[in-house]
Amino acid sequence: MIQSSELILNPDGSVYHLNLLPEHIAHDIIFVGDQNRVEKITQFFDSIEFSTQKREFKTQTGVFKGKRITVMSTGIGPDNIDIVMNELDALVNIDLKTRTPKEKLTSLNIIRIGTSGSLHADIPVDSFVMSKFGLGLDNMLRSYLIDDISEIAMEDAFIKHTNWDLKKGRPYVISCSEKLEKRLESDRIFKGLTGTAGGFYGPQGRVLRLNIQDENLNSKMDNFNFEGNRITNLEMETSAIYGLGKLLGHNCLSLNAIIANRANGTFSEDPYKAVDELIAYALGKIAE
Ligand SMILES: O=P(O)(O)O[C@H]1O[C@H](CO)[C@@H](O)[C@H]1O
Ligand SMILES: O=c1cc[nH]c(=O)[nH]1
């Protein structure tokens with residue numbers, strides 16, 4: 001039995017941070033970072049059966065073109081993904097009454113619709129990127145046993161190419177769900193490695209008033225290439241979703257609208273429009 005200090009439930013039996021009971025979630029789940037993006041997606045649903053919010057975690061479940069879907073905001077960063085993935089998994093794979101893992105496990109389909117910065121001049125603002133791999137620069141996943149799910153050769157090549165300072169922790173690389181990749185891909189979406197940083201400024205090479213440990217890191221990442229895979233973009237959740245998804249047995253895919261281009265210093269003139277277009281793209285593919 002899992003102790004109440006480890007699997008924390010609210011007085012109504014819902015999981016601690018997400019405030020959800022098992023019946024509140026669908027097997028197809030869309031993650032967004034921003035809580036205000038949840039309704040930008042569910043406005044297209046035929047019906048909404050459930051809504052709740054606690055802190056930055058807003059959840060709505062409804063039906064879109066005959067398919068039951070849950071849309072959930074994760075807030076910012078890998079630390080939040082640790083909470084969201086563990087509590088979502090508990091909802092389907094732990095009997096919350098007996099506090100024991102179920103014998104028959106459920107795999108969720110999880111698709112992130114996020115925003116991101118591109119590292120390449122040829123991946124312009126307002127374009128879309130699908131993360132074939134998540135490159136974790138954040139360390140959160142290193143608290144788990146990940147050697148069996150990591151792309152070690154790619155990690156080693158990245159560490160060598162960037163002369164990565166291991167004082168910052170060892171980067172990790174995890175692949176997406178091939179099943180979801182096939183369902184969501186098209187000619188109009190770039191594919192590559194998505195770097196997941198543990199912060200927005202220094203950890204993504206942004207300098208305002210503070211010097212950073214390696215000011216050449218973004219340009220080294222820009223010209224990294226492993227067997228035809230380049231690092232397309234930087235954001236703050238994908239590799240944590242991919243890692244915990246793989247460890248827990250869920251299918252995960254991350255799509256990002258590019259709102260900043262770090263190579264040429266530009267920012268989208270209408271980032272909300274880019275996100276709306278990515279939402280339309282993803283919902284179109286999900287409904288196919
Ligand atoms: O727009 P979302 O989905 O939050 O994604 C990106 O935006 C946030 C930073 O502004 C980080 O969460 C990053 O991953
Ligand atoms: O550059 C960017 C843009 C959006 N989100 C990020 O994390 N980084």
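FYI, side chains are in, hydrogens and waters are out, and symmetry mates aren't considered; it's all heavy atoms of this structure. Bear in mind that the values here come from a model prediction, so they are computed numbers and not experimental data. One-based numbering, in listed order, for ligands and for the atoms of each.
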Would Arg170 and Asp156 pass as an ion pair if we require N to O under 4.0 Å?
yes
Any chance CD of Gln43 has more than 12 other-residue heavy atoms, nucleotides or ligands included, within less than 6.0 Å?
yes
Can you tell me the protein heavy atom closest to atom 5 (O) of ligand 1 and the distance?
Arg112 NH2, 3.0 Å
Should Arg112 and Val32 count as side-chain neighbours, where that means a heavy-atom distance under 4.5 Å?
no
If you scan protein heavy atoms around atom 12 (O) of ligand 1, the nearest is Glu237 OE2, 2.6 Å
Going by the order shown, which atoms of ligand 1 are within less than 4.0 Å of some heavy atom of Phe200?
9 (C), 10 (O)
Are any of the N/O atoms on Met236, whether in the backbone or the side chain, positioned under 3.5 angstrom from an N/O atom of ligand 1?
yes
Ranked by distance from atom 4 (O) of ligand 1, the top protein heavy atom is Gly33 CA, 3.3 Å
Ring-ring centroid check Phe224 Phe158, cutoff 6.0 Å
yes
If you scan protein heavy atoms around atom 7 (O) of ligand 1, the nearest is Thr115 OG1, 3.2 Å
Any salt bridge between Asp214 and Lys220, counting N to O under 4.0 Å?
yes
Looking only at distances, can you tell me whether any N or O atom of Arg37, backbone or side chain, sits closer than 3.5 Å to an N or O atom of ligand 1?
yes
Near Glu235, which atoms of ligand 1 are under 4.0 Å from a heavy atom of that residue?
14 (O)
When rounded to the nearest 0.5 Å, the distance separating CD1 of Ile231 from OG1 of Thr162 is 7.5 Å
Under a 3.5 Å threshold, I'd like every N/O contact between ligand 2 and protein atoms, with atom names and distance.
| unit_1 | atom_1 | unit_2 | atom_2 | d |
| --- | --- | --- | --- | --- |
| ligand 2 | 1 (O) | Arg206 | NH1 | 3.4 |
| ligand 2 | 1 (O) | Arg206 | NH2 | 2.6 |
| ligand 2 | 7 (O) | Gln204 | NE2 | 2.9 |
| ligand 2 | 8 (N) | Gln204 | OE1 | 2.8 |

Which of the numbered atoms in ligand 1 are below 4.0 angstrom from a heavy atom of Gly114?
3 (O)
Between Lys132 and Glu151, is there a salt bridge with N-O shorter than 4.0 Å?
no
Check ion pair Glu49-Arg68 (N to O, under 4.0 angstrom):
yes
